[in-house]
Participant: 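Please see the structure below; I have some questions.
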Amino acid sequence: MTAATLAPPPLLDRLADPALHAEGDPHALWRWLRAFSPVHRHEAGELPAFWSLTRYDDIRAVYRDPGTFSSARGVLLRPARLGDDPGGGLTLALSDPPRHKELRALMADWFSTRAVRGLEDTIRRAARTAVRRGLDQGVFDFVDLAGRFSHSVISGILGIPERDHEDLYRWTEEAFAAHTSLAAHPQLMDYFMELLYARMAEPADDLVSALVNGTVHGDLLTEHEILLNCENLIGATENGRLALIGGLLAFLEHPDQWRRLDEDRALLPGAVEEIVRWTSSATHSMRTATRPCTVRGQRVEAGDRVVLWLPSANRDEDVFDDPYRFDIARRPNRHIALASGEHFCIGSTLARAEMRALFTELLDSTTAIERAGSVTRVLSNAVNGPATLPVRLR
Ligand code: HEM
């Protein structure tokens with residue numbers, strides 16, 4: 001080990017800078033951190049001070065100990081001046097046990113294996129519509145195709161009628177483009193308030209009705225809580241969308257793997273797992289220590305923020321053979337791109353079904369998929385993947 005190898009890489013201070021994730025190579029920093037400083041302290045600047053965890057075992061252990069590592073003050077890094085996440089304690093992602101368990105039970109039925117199996121035809125139809133539209137367009141941005149597709153699926157689960165999906169998609173995109181919360185978009189919020197009142201008056205077989213009528217600790221959720229949870233669900237599908245786009249990009253960069261999948265469709269479930277590992281589209285989760293503790297020999301104080309870098313865990317050389325190789329037949333593949341423990345992604349079964357449907361449709365309906373322009377990457381430290389992926393379908 002040379003002194004040069006041990007010296008921290010020059011961009012280490014910028015690990016949480018969205019520009020580094022859009023234009024730089026965070027994997028080079030994560031690789032160095034795993035090797036030389038797996039529990040690494042970043043001092044306060046615009047962001048509060050935080051610890052970076054980069055090894056698989058440490059990240060998994062933190063996820064599985066919500067008593068010591070709380071989600072209630074926020075699960076994403078935010079500028080220090082903004083304080084804790086105002087949704088703390090109110091949404092599923094930002095709750096700790098025991099409240100988290102009750103809130104999750106309200107929603108779990110809608111994302112179970114059984115529920116997703118019941119949705120498979122709808123998802124297949126949505127995938128077919130999306131790919132046909134792409135074929136008609138010739139050259140188009142795959143980001144838009146994946147967005148419309150995943151948005152229409154979650155909209156259906158929430159209980160939004162199909163005729164309104166297009167409006168909802170447009171408003172959500174506008175809110176994301178303006179980097180504001182969905183709650184800041186007046187049309188979107190008006191729409192949800194109306195839907196809420198309609199379901200209060202007459203419950204239907206949908207997730208909004210379940211939220212409107214369900215109780216936590218014996219109390220109905222407030223309107224604010226219901227809206228925040230709907231926003232959370234729509235926002236969380238961004239991870240699924242980025243995994244779809246990143247998955248297609250992975251195949252475009254590894255055409256041998258696309259041919260292999262085409263020749264042996266039994267590889268599809270494993271291919272989906274490899275896409276989820278490879279893309280690791282949720283870049284980090286944050287937790288706040290509730291008491292002093294030790295992580296890999298490093299003392300962490302109560303109130304300290306701990307950031308779990310998922311793409312790093314999923315490239316950990318101690319866990320994955322040849323981790324920088326995209327291999328749709330990788331086995332075992334125990335990635336933690338969907339987290340672990342209490343907060344394990346509630347949409348995981350749905351995300352997998354969407355991937356199977358869309359890639360099957362692309363294999364069945366196209367003879368060639370080509371890049372038709374340059375790829376840019378999302379400017380964010382919270383999610384990662386292509387921001388534009390122009391393609392041509394034939
Ligand atoms: C491949 C795609 C996806 C990835 C990589 C992903 C990743 C994750 C991760 C890492 C977490 C844990 C966050 C934390 O606790 O800090 C999570 C939770 C969550 N995900 Fe996903 N997700 C994906 C797709 C989806 C989809 C399609 C939905 C739509 C319903 C969704 C909804 C949620 C929700 C509501 C939570 C909070 C669960 C809880 O706190 O109990 N996710 N996801």
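Start at 1 and go down the list; that is how both ligands and their atoms are numbered. Reckoned from all heavy atoms, side chains included, excluding hydrogens, waters and symmetry mates. What you are looking at is a predicted structure, and each value in this text was computed from that prediction instead of being measured.
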Participant: Out of all atoms in ligand 1, which are within 4.0 Å of some heavy atom of Thr237? Include the element for each.
Facilitator: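 Answer for ligand 1: 29 (C).
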Participant: Taking the six-membered ring for Trp, are His27 and Trp32 ring centroids under 6.0 Å apart?
Facilitator: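 Ring centroids of His27 and Trp32 are no less than 6.0 Å from each other.
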Participant: Between Phe344 and Tyr63, does the ring centre distance come in under 6.0 Å?
Facilitator: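 Aromatic pair excluded; centres sit 6.0 Å or further apart.
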Participant: Tell me: protein heavy atom nearest atom 1 (C) of ligand 1, and distance?
Facilitator: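 Of every protein heavy atom, Ala243 CB, 3.6 Å lies nearest to atom 1 (C) of ligand 1.
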Participant: Heavy-atom pairs closer than 4.0 Å: do any link ligand 1 to the side chain of Arg287, the backbone, both, or neither?
Facilitator: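 Just the side chain.
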Participant: Which residue supplies the protein heavy atom nearest to atom 40 (O) of ligand 1, what is that atom called, and how far is it?
Facilitator: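 Answer for atom 40 (O) of ligand 1: His343 ND1, 2.5 Å.
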Participant: Taking the side chain as every heavy atom from C-beta outward, state whether Arg315 and Tyr56 have any atom pair closer than 4.5 Å.
Facilitator: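 The answer is no; the side chains never approach within 4.5 Å.
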Participant: List ligand 1 atoms under 4.0 Å from Ser281, heavy atoms only on the residue side.
Facilitator: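 Near Ser281, meaning under 4.0 Å from one of its heavy atoms, ligand 1 has 5 (C).
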Participant: Count up the protein N, O or S atoms sitting under 2.8 Å from atom 21 (Fe) of ligand 1, would you?
Facilitator: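 Counting protein N, O and S atoms closer than 2.8 Å to atom 21 (Fe) of ligand 1 gives 1.
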Participant: Ion pair present between Arg277 and Glu274, side-chain N to carboxylate O less than 4.0 angstrom?
Facilitator: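 Salt bridge between Arg277 and Glu274, a charged N being under 4.0 Å from a carboxylate O: yes.
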Participant: Which ligand 1 atoms, with their elements, are less than 4.0 angstrom from a heavy-atom of Ser285?
Facilitator: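 This gives 13 (C), 14 (C), 16 (O) as the contact atoms.
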Participant: Show me the pairs that pass side-chain hydrogen bond (donor to acceptor under 3.5 Å, both in side chains) and involve residues 101-113, at least two apart or across chains.
Facilitator: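 Passing the test, one end in residues 101-113: Glu102-His217.
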Participant: Closer than 4.0 Å to some heavy atom of Arg104 - which atoms of ligand 1 meet that?
Facilitator: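 Those of ligand 1 that fall under 4.0 Å from Arg104 are 38 (C), 39 (C), 41 (O).
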Participant: According to side chain to side chain contact (heavy atoms under 4.5 Å, CB included), who are the partners of Arg331, at least two apart in sequence or on a separate chain?
Facilitator: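 By the side chain to side chain contact (heavy atoms under 4.5 Å, CB included) rule, Arg331 matches no residue at all.
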Participant: Under 4.0 Å between a side-chain nitrogen and a carboxylate oxygen: does that hold for Arg241 and Asp144?
Facilitator: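 Answer for the salt bridge query: no.
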Participant: Look at Arg260 together with Asp327 and state whether they make a salt bridge at an N to O cut-off of under 4.0 Å.
Facilitator: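 Judged by the 4.0 Å cut-off on N to carboxylate O distance, Arg260 and Asp327 do form a salt bridge.
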Participant: Of all the atoms in ligand 1, which lie at a distance below 4.0 Å from a heavy atom belonging to Ala337?
Facilitator: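 Per the distance check, 5 (C), 7 (C), 10 (C).
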Participant: Taking the six-membered ring for Trp and the full ring for Phe, Tyr or His, determine whether the centres of Trp171 and His165 are under 6.0 Å apart.
Facilitator: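 No, too far apart.
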Participant: So if I count the atoms of ligand 1 from 1 in the order they appear, which ones are less than 4.0 Å from some heavy atom of His100?
Facilitator: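 Numbered from 1, ligand 1 contributes 39 (C), 40 (O), 41 (O).
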Participant: For ligand 1, which atoms, with element, lie under 4.0 Å from some heavy atom of Phe111?
Facilitator: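 That gives atoms 30 (C) of ligand 1.
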Participant: Testing Asn314, Thr54, Leu53, Leu29 one by one against Trp309 for a side chain to side chain contact (heavy atoms under 4.5 Å, CB included), which residue passes?
Facilitator: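 For Trp309, the side chain to side chain contact (heavy atoms under 4.5 Å, CB included) check succeeds only for Thr54.
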Participant: For residues 383-394, which residue pairs qualify under side-chain hydrogen bond (donor to acceptor under 3.5 Å, both in side chains), counting only residues two or more places apart or in two chains?
Facilitator: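 Found Thr283-Asn384, Glu370-Arg392, Glu370-Arg394, Thr376-Thr388.
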Participant: Provide the number and element of each atom of ligand 1 under 4.0 Å from a heavy atom of Leu310.
Facilitator: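 Numbered from 1, ligand 1 contributes 10 (C).
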